2 protein chains.
Amino acid sequence: MSCGARLANELRQKGYRVTPQRAVILETVAHMHGHHSVQEVFTKAEQSLPGLNVATVYRTLDMLHRAGMVEILSTTANITCFSLRDPEHPHYHLICRNCDAMQEIEPVLFNELADTLKKKHGFSLDHRHLTFSGLCKHCQSDAAKGNLTP
Amino acid sequence: MSCGARLANELRQKGYRVTPQRAVILETVAHMHGHHSVQEVFTKAEQSLPGLNVATVYRTLDMLHRAGMVEILSTTANITCFSLRDPEHPHYHLICRNCDAMQEIEPVLFNELADTLKKKHGFSLDHRHLTFSGLCKHCQSDAAKGNLTP
DNA sequence: CTTGTAGGTGCAAATGATTGCAAGTAGGAT
DNA sequence: ATCCTACTTGCAATCATTTGCACCTACAAG
């Protein structure tokens, strides 16, 4: 069974309809490594399905996120990117709110955090892909000097 | 010294110019408790400064976020909200990626996490206001049944 | 106080994203 | 296989947000 078929089945099993458009968008995101904008996903998917509409891509990515199959990454510039949720490679992002620099880190300490949130709040954390905002090493020393980018 | 003047001074100390527009927007956000959309902030601020332009509000909120004085909260619906960063009341949000329900929780376990990120990555976490995505108690049981909102 | 200028603002255009609606269709029932 | 309908899609309109540019101004220097 191909990668695309497997993902389509997974989506069907979650109770969602699998239309040709959704299958193509899901497969496109899966084959594009890393994080990509809606326009990038649309451009690529349209090669496989001419006539695809960008509104459909917006709707589908949103649906895939709700279904837990796609991650949304937002930077300070509010550039929203998408990537296939990869249970085999959990990773976290540190995004500097000043310069938008992005660091990727392996998960640490999160299992304990996830357990606590589950027990105390009944909340199931998406702890395979998280994003944190803060200041990177460089901008932090600038902040101490009062020299952030005005 | 008034609240507004104090915040304006804080901004000036961070190396940013304090224009009438910025002072009003900052004070407006400070006096609006909770999280509010750009339109809400703009409507309120314009009462104090007729002629204020919404583009200025967008630019100023972005600048205030970079300066670390305002938090940005994004839900699944990508409704971006702003609130004054309140060092006296750190709090975290749990946002269900299915139904958008938001839970607010007191910070737990994060000091250790923040310390680790600092030591290992030199990253200064904005750990007074964080947002986590996942599934709430209700949607989680639906997910187990394959019954998420299609 | 005046002056100069780097940065900020208002405006309108452009771009990104969402939404209402008519037509199409995935998939369940028979 | 056919039929039916709840849901999806394409389209264009609308809304949210960003951006280029001309003009304005906060603030540093003198």
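Values reported hereafter were calculated over all heavy atoms of this structure, with side chains retained and with hydrogens, waters and symmetry mates removed. Every chain is numbered from 1 and lettered A, B, ... according to where its sequence line falls, protein lines coming before strand lines. Please read all numbers here as calculations on a predicted model, not as lab measurements.
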Close side-chain approach of A:Leu64 to A:Val29, heavy-atom, < 4.5 Å: no
Closest non-hydrogen atom pair, B:Val24 against B:Ala45: CG1-O, 3.6 Å
Interatomic distance where CG belongs to A:Asn9 and P belongs to C:dG27 [whole Å]: 10 Å
For atom CD of A:Gln39 and atom P of C:dA17, their distance in whole Å: 8 Å
Worked check of side chain to side chain contact (heavy atoms under 4.5 Å, CB included) between B:Thr60 and B:Leu26: CA-CA 8 Å; B:Thr60 301; B:Leu26 184 45; over 6 Å; no
Atom-to-atom span, CZ of B:Phe42 to C1' of C:dT9 - whole angstrom: 13 Å
Trace of the side chain to side chain contact (heavy atoms under 4.5 Å, CB included) decision for A:Thr56 with A:Arg22: CA-CA 9 Å; A:Thr56 300; A:Arg22 289 180 174 185; over 6 Å; no
Partners passing side chain to side chain contact (heavy atoms under 4.5 Å, CB included) against A:Phe42 (at least two apart in sequence or in another chain): A:Gln39, A:Glu46, A:Leu52, A:Val54, A:Val57
Close N or O pairs between protein and nucleotides 23-27 of chain D (under 3.5 Å):
| from | atom 1 | to | atom 2 | distance (Å) |
| --- | --- | --- | --- | --- |
| D:dA26 | N3 | B:Arg17 | NH1 | 2.9 |
| D:dC27 | OP1 | B:Val18 | N | 2.9 |

Nearest-Å distance for atom pair CD/C1', residues A:Gln13 and C:dG27: 16 Å
Minimum heavy-atom distance between B:Met63 and B:Tyr16, given as atom pair plus value: SD-CD2, 3.6 Å
B:Met63 CE to D:dT18 C1', straight-line distance once rounded to whole Å: 17 Å
For atom CZ of B:Arg66 and atom P of C:dG8, their distance in whole Å: 12 Å
For atom CZ of A:Arg22 and atom C1' of C:dA26, their distance in whole Å: 10 Å
Watson-Crick or G-U pairs under 3.5 Å in DNA chain D, rendered as dot-bracket with [ ] for crossing pairs and | for another strand: ||||||||||||||||||||||||||||||
Candidate pair A:His36 and A:Lys44, rule side chain to side chain contact (heavy atoms under 4.5 Å, CB included), full reasoning: CA-CA 11 Å; A:His36 299 277; A:Lys44 199 80 170 166; over 6 Å; no
For A:Thr19, all residues meeting side chain to side chain donor-acceptor pair (under 3.5 Å), sequence neighbours excluded: A:Gln21
Donor-acceptor under 3.5 Å (B:His65 side chain, B:Glu71 main chain): no
Backbone N/O of B:Arg17 and side chain of B:Arg12: donor-acceptor pair under 3.5 Å: no
For A:Glu10, all residues meeting side chain to side chain contact (heavy atoms under 4.5 Å, CB included), sequence neighbours excluded: A:Arg6, A:Leu7, A:Lys14, A:Met69
Within residues 47-60 of chain A, residues whose heavy atoms come under 4.0 Å of DNA chain D: A:Gly51, A:Leu52, A:Asn53, A:Ala55, A:Thr56, A:Arg59
Between C:dT9 (P) and B:Glu46 (CD): distance, integer Å: 15 Å
